[in-house]
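Working notes for the structure below.
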Protein chains: 2
Amino acid sequence: MENSNRFKDLIASGHLYLQNISIDNVIFGYHNKELRVLLQRPQGISMWALSGGYIKRTESIEDAARRIAEERTGLKNLFLKQFKAFGDPFRSGTKVSQEFEGKQVSNWTLDYFVTLGFYTLTEFELVKPSGDFYTEECTWWNIQSLPPLVLDHKVIVDAAMKALRLHIYHYPIGYELLSEKFTIPEIHALYETILGKTLDSRNFTKKLLATGIIKKTNKRRNIGPHRSPWLYVFDKVNYENALKEGMALVI
Amino acid sequence: MENSNRFKDLIASGHLYLQNISIDNVIFGYHNKELRVLLQRPQGISMWALSGGYIKRTESIEDAARRIAEERTGLKNLFLKQFKAFGDPFRSGTKVSQEFEGKQVSNWTLDYFVTLGFYTLTEFELVKPSGDFYTEECTWWNIQSLPPLVLDHKVIVDAAMKALRLHIYHYPIGYELLSEKFTIPEIHALYETILGKTLDSRNFTKKLLATGIIKKTNKRRNIGPHRSPWLYVFDKVNYENALKEGMALVI
DNA sequence: GCAATAGTGTCTGTAAGACAGTATATT
DNA sequence: AATATACTGTCTTACAGACACTATTGC
C-alpha cells in the first residue's frame with residue numbers, strides 16, 4: 001500500500017494521534033541574563049503544565065515536539081533535544097491529570113501515558129506565548145520560581161534542566177538564544193545563567209574561541225558610555241559539525 | 001477509584017498492553033574480551049531483531065524493559081539504561097515489520113510504533129537465551145559481525161553502543177559483567193573491549209582505583225604458571241553512589 | 001577626568017598520558 | 001632457568017583555574 005493511502009486508512013479507521021504516548025516539551029526562554037520556562041494553565045485548574053501534546057500518525061516524534069513548540073511560540077527551527085521518556089502507570093491517572101489532560105474528554109486521555117521529554121531553546125522576547133482553546137493562561141516563568149506544576153511536570157523540568165546543563169558542554173548552545181551577531185559578554189552571561197554559576201571571563205573566552213564555533217566580525221556594538229565590544233557570529237561549518245558530532249568544552 | 005480496580009477496568013475494557021509504543025532492549029553480553037548482542041530471528045524471517053516487547057498497563061517503562069530482558073536471559077537485576085526513543089511513521093509499517101512484529105496478528109501491531117531504546121548488560125556465559133513462541137532462533141552475536149537486522153534495529157544498536165561508550169565514563173559499569181571477585185586485568189580487558197581501544201594498564205589502574213568504586217581483597221586468583229593477580233570487589237557504597245549520582249572517569 | 005564595561009596575558013598546580021623495568025607463579 | 005603474566009613509579013607536557021591590569025567609550 002502506498003504511504004499516503006496507508007495514512008488515510010489509519011486516520012480514517014482510528015485516531016489522528018498515537019495512543020498512550022504524549023510529548024512534553026520544556027520550552028526554555030532566555031533573555032538578558034534570565035532563564036524562563038513557558039508554562040500554561042488549563043481552564044479551571046490552579047496548577048501549571050508544560051507544553052504538551054500528542055503525536056500525529058503522520059509525523060515523527062521530533063516533528064511532533066517541533067510542532068508543539070511552534071504552536072506555543074510561533075517560531076520555527078528552534079533548538080530541540082530529546083532527553084528522556086517518562087512512563088509509569090501512576091504518573092497519569094489521578095484526578096488532576098483527568099482535568100489537566102482532559103483537553104479531549106474521551107477515555108484514552110485518562111489512560112496511562114508514556115511521555116517523551118524534549119526541551120527547546122528560544123529567545124523569550126521574540127515570543128508571544130499562545131495557548132489553545134483549553135488554556136486559560138500561557139506565560140513565561142522564571143526557572144528559579146516556578147508555580148506548582150501538575151503531575152510529574154516538576155520532575156520533567158528538573159530532568160530537562162539537568163540535560164541542558166550537560167549538553168551545554170557538548171553541543172553549541174546559543175544560536176537560538178542570542179541575536180545573529182552577539183558580543184562575548186552576552187554569550188558569557190548566557191552560559192553563566194544556564195549553568196547557574198560564574199565563569200571566569202578570561203578562561204571562558206579562551207576556551208569558547210578554541211572550539212571554533214564562534215568567530216569575530218569586524219563590527220562592534222555600541223553600548224553607550226563604555227568600551228564597544230566586538231560582535232561575533234557562529235561559524236556555520238563548525239557550528240553544524242558540533243551540533244551533529246558533539247564537541248568538548250570544559251568551562 | 002482504587003488503583004487495583006482501575007487496572008482491572010482498564011485491562012478488561014481494552015488491551016493488556018499500551019498501544020503505539022514498544023520497547024527495544026539491546027541486551028549486551030560480555031565474556032572473555034568479547035562483546036555480543038542478543039538477537040532473535042522470528043519464525044519464517046531471514047533477518048534478526050532486537051529483544052522487543054510492549055508495556056503492560058500495570059508496569060513502568062523500566063519494569064517493562066527489565067521484564068523483557070529477564071524473559072530472554074532468565075536473569076534479574078541487570079544493569080539497565082534508557083538511552084533514546086525512536087519514532088517515525090516510516091520506521092514500522094513495512095512488509096517486514098508486519099511479519100516481524102506480527103507476534104499478535106491484529107491491526108495495532110501493524111501500526112506506527114514509537115519504540116523506547118534501552119540497553120542491558122550481562123555476562124553471556126550465565127545466559128541460556130530463550131525466545132518465545134514466535135521466535136525461531138535466539139542467540140548471541142558478536143558486536144563486530146552482526147547479521148542483517150529488521151527495520152531500524154541497526155540504528156538502535158549503534159545508538160546503544162554510542163550511549164554505552166559514553167556512560168562507561170560516568171557510571172560504574174562492570175558489576176553485572178564480571179564475577180563477584182575479579183582481577184584488574186579482567187576489568188581492564190572489559191573496558192578495552194567496550195571502548196574498542198587499548199588503555200594503558202598503569203594509567204587505567206591508577207584512575208579506576210581513584211574513583212573508589214572497586215577495592216582490593218586479600219585473596220588472589222590462581223592463573224597457572226604466572227604471577228597470581230589480586231582479586232577485587234566493587235565497593236558497595238561507592239558503587240551505589242556512582243550509579244545514582246554519576247562519576248567522572250577519564251581513561 | 002570619571003565611570004563603567006571590554007578585553008586580555010601569565011603563572012601555577014594538577015593530572016593526563018607516555019613510558020619500562022621488577023615481581024611472581026609454574027613447570 | 002624459562003616463560004608468561006602481574007604490578008607499579010616517574011617524567012613530561014598540557015591545560016584548567018586563579019588572578020588584575022589596561023583599553024575604550026561617552027559624558
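Computed over heavy atoms, backbone and side chain alike; hydrogens, waters and symmetry mates excluded. Here is the naming used below: chain letters follow the sequence lines, and residue numbers restart at 1 for every chain.
End-to-end axis angle of the helix from dG1(C)-dC27(D) to dT27(C)-dA1(D), using five pairs per end and rounding to 10°, comes to 10°.
Within the structure, salt bridge (charged side-chain N to carboxylate O under 4.0 Å, His left out) pairs that include any residue of residues 202-213 of chain B comprise Asp200(B)-Arg202(B) (at least two apart or interchain). Within the structure, the salt bridge (charged side-chain N to carboxylate O under 4.0 Å, His left out) test picks out the following pairs touching residues 146-173 of chain B (sequence neighbours left out): Arg91(B)-Asp152(B), Lys154(B)-Asp158(B). Sorted by first and then second residue, the salt bridge (charged side-chain N to carboxylate O under 4.0 Å, His left out) pairs with a member in residues 185-196 of chain A read Glu186(A)-Arg221(A); sequence neighbours excluded.
Annotation: cation-pi pair Arg36(A)/Trp141(A) absent, no NZ/CZ under 6.0 Å from the ring centroid and within 45° of its normal.
Listed by chain and number, the residues in a ring-ring contact (aromatic ring centres under 6.0 Å, His included) with Phe182(A) are Phe234(A) (sequence neighbours excluded). Judged as a side-chain hydrogen bond (donor to acceptor under 3.5 Å, both in side chains), and not counting sequence neighbours, the contacts of Thr120(B) are Asn25(B).
Chain A approaches DNA chain C over the interval dA3(C) to dT10(C), counting the first and last nucleotide 5' to 3' with an atom under 4.0 Å from its heavy atoms.
Within residues 208-219 of chain A, no residue is approached by DNA chain D to less than 4.0 Å at the level of any non-hydrogen atom. Residues of residues 166-173 of chain B having a heavy atom closer than 4.0 Å to DNA chain D: none are found. For residues 195-203 of chain A, proximity to DNA chain D is found at Asp200(A), Arg202(A), Asn203(A), defined as any non-hydrogen atom under 4.0 angstrom from a strand atom.
For the pair Gly224(B) and Ile184(A), nearest-nucleotide mapping onto DNA chain C gives the more 5' position to Ile184(A).
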Let me check something: any side-chain donor-acceptor pairs from residues 239-246 of chain B under 3.5 Å, sequence neighbours excluded? List them with distances.
none

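Lys207(A) comes within 4.0 angstrom of the backbone, heavy atoms only, and of no base.
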When you compare the protein's N or O atoms with those of nucleotides 3-6 of chain D, which come within less than 3.5 Å of each other, and at what distance?
| residue | atom | partner | partner atom | Å |
| --- | --- | --- | --- | --- |
| dA6(D) | N3 | Arg227(B) | NH1 | 3.0 |

